[in-house]
Amino acid sequence: MATNGIIDRAQLEPTVGGSAWLGSEPAKEGNIAFFYGTLMHPKILKRVIDHEGAELEVAAAILFDHTRFHVKLCDYPAVVSSDIGSQVLSGRTLSDDDKAVRGVVVKGLTARDILMLDVFEGDEYSRDEVVCAPITDFKCLSEVDTQQLLAKSGDLPSPSSATVSTFVYKWKAPTPRLSNEIWNYDRFLEEKVWRWLDREPTDEEQQQDMTQQRLDMQGIIIAPEGGEGAIVPATDDTKAEAVKFGHSMKKYFGFAPGYVNLNCGASNLDDPDQ
């Protein structure tokens, strides 16, 4: 998936059938798409397709027999079939809710919109045809608050209600890159959405982001008291051996064997020998 930056137009040079076209068939006008991650947010979708979406309509919908996971060390999720989802969870039985992905279905997408989406999703995903079940009325995209829309979705309907043909971007990269945690849209809004809206984080968002980064590192940073800081694994911070900053951290970086950093960290512009 592309990052939260705006898509480089140079990436859109391939025409239908070119390298950016991930589906087996060219997209047609009036496409319907099911979104389950960052693109559920109207402002993010508008940034990706590069227009205000005045002709687009959106409804809350459910994709059955699929499961949505966090992608490790990323803000965005991945959807896989529930059979693969059970493997990601090492055979653990999935609940009915886990096998029903709540998202939004958007209709009125143009062929150019789909091309922009293909580039955004990149080579981690494939554009696959599925059927979904809309569970609210369609509304103009400009009038929609996705969080409120999903809150109105209520109980799960019968899988037989999934009759709307659409497409979804399914994860096709290696499954070991998936966390065993189910991705949550509300949590994304609380902690990560600022990264995707090109704005500065609030103090609370910044603190949450720092906390999550430390958890992703499987450790917590201990503030130094008159000496070096230390990283202690979060799983057992009372017993783990502290790792001091400095040369001992070198093993955590991808330097070539024998690499020596010649910068000592000090400078004196008045002394040409330094």
Side-chain angles (χ1 to χ4, degrees), residues 1-5 7 20 22-24 33-41 44-45 48 60-105 117-133 146-147 150 156 159 162 166-196 208-220 233-235 252 254:
M1 175 179 286
T3 61
N4 49 323
I7 294 173
L22 304 184
S24 57
F34 179 85
F35 298 126
Y36 57 86
T38 58
L39 292 173
M40 293 167 65
H41 196 294
I44 297 175
L45 176 59
V48 171
I62 292 177
L63 179 64
F64 288 100
D65 298 321
H66 289 77
T67 303
R68 171 174 50 195
F69 293 101
H70 272 278
V71 177
K72 292 177 181 177
L73 303 180
C74 296
D75 298 342
Y76 55 86
V79 150
V80 294
S81 69
S82 294
D83 290 342
I84 295 176
S86 292
Q87 297 173 22
V88 173
L89 295 177
S90 301
R92 193 186 85 196
T93 301
L94 292 165
S95 68
D96 288 342
D97 278 337
D98 290 340
K99 294 187 289 185
V101 177
R102 293 179 183 266
V104 297
V105 60
L117 291 164
D118 282 352
V119 173
F120 174 76
E121 297 291 356
D123 58 6
E124 295 175 324
Y125 299 83
S126 62
R127 174 160 48 83
D128 294 353
E129 292 185 5
V130 292
V131 290
C132 70
T146 306
Q147 200 170 21
L150 294 175
L156 285 177
T166 181
F167 70 84
V168 67
Y169 288 95
K170 286 188 186 180
W171 183 255
K172 70 173 186 178
T175 54
R177 288 189 53 200
L178 301 182
S179 163
N180 60 8
E181 182 182 359
I182 303 297
W183 191 85
N184 183 279
Y185 182 66
D186 289 339
R187 181 178 169 189
F188 168 73
L189 292 181
E190 292 171 3
E191 300 178 2
K192 304 293 186 181
V193 72
W194 62 269
R195 294 180 172 182
W196 299 74
Q208 289 173 332
D209 190 54
M210 291 174 63
T211 299
Q212 187 60 46
Q213 288 185 43
R214 292 172 183 177
L215 291 173
D216 289 341
M217 292 171 62
Q218 297 297 301
I220 58 175
T235 51
Y252 296 105

What is the minimum heavy-atom distance between [X] and [Y], and which atoms define it?
{"X": "Val80", "Y": "Gly85", "result": "CG2-N, 3.9 Å"}
{"X": "Leu156", "Y": "Ile62", "result": "CD2-CD1, 3.4 Å"}
{"X": "Gly37", "Y": "Pro77", "result": "CA-CG, 3.6 Å"}
{"X": "Ser179", "Y": "Phe69", "result": "O-CD2, 3.3 Å"}
{"X": "Leu45", "Y": "Leu117", "result": "CD1-CD2, 4.1 Å"}
{"X": "Ala61", "Y": "Val105", "result": "CB-CG1, 3.8 Å"}

Original post:
When you look at Ile84 and Lys170, which way does the side-chain contact (heavy atoms from CB on, under 4.5 Å) test go after all the steps?
Top reply: CA-CA 12 Å; Ile84 295 176; Lys170 286 188 186 180; over 6 Å; no
**OP:** Report the C-alpha distance between Tyr185 and Met40 in whole Å, list the side-chain angles of each, state the deciding distance to 0.1 Å, and finish with yes or no for side-chain contact (heavy atoms from CB on, under 4.5 Å).
**Re:** CA-CA 8 Å; Tyr185 182 66; Met40 293 167 65; 3.8 Å; yes
Original post:
Passes side-chain contact (heavy atoms from CB on, under 4.5 Å), Val79 versus Tyr169? Steps please.
Top reply: CA-CA 8 Å; Val79 150; Tyr169 288 95; over 6 Å; no
Original post:
When the ring planes of Phe188 and Trp183 are compared, do they come out parallel, tilted or perpendicular, using 30° and 60° as the limits?
Top reply: tilted
Original post:
Is Arg187 salt-bridged to Glu181, cutoff N-O under 4.0 Å?
Top reply: yes
**OP:** Give the C-alpha distance, both sets of side-chain angles, the deciding distance and a yes or no for side-chain contact (heavy atoms from CB on, under 4.5 Å) between Leu178 and Trp171.
**Re:** CA-CA 9 Å; Leu178 301 182; Trp171 183 255; 3.7 Å; yes
Subject >> Asn180 side, atom CG; His70 side, atom NE2 - distance, nearest 0.5 Å >> reply: 10.5 Å
**OP:** Quick one: pull up CG in Asp186 and CD in Glu191 and give me the separation to the nearest 0.5 Å.
**Re:** 11.0 Å
**OP:** Answer yes or no for Arg68 and Tyr36: cation-pi contact, defined as NZ/CZ to six-membered ring centre under 6.0 Å and angle to ring axis within 45°.
**Re:** no
**OP:** Answer yes if the side chains of Asp128 and Ser126 hold a donor-acceptor pair under 3.5 Å, and no otherwise.
**Re:** yes
Subject >> Check: Tyr76/Glu124 side-chain N/O donor and acceptor closer than 3.5 Å >> reply: yes
Subject >> Positive for side chain to side chain contact (heavy atoms under 4.5 Å, CB included) with Thr67, one of Ser86, Ser95, Ser82 >> reply: Ser82
**OP:** Quick one: list whatever passes side chain to side chain donor-acceptor pair (under 3.5 Å) with Asp97, sequence neighbours left out.
**Re:** none
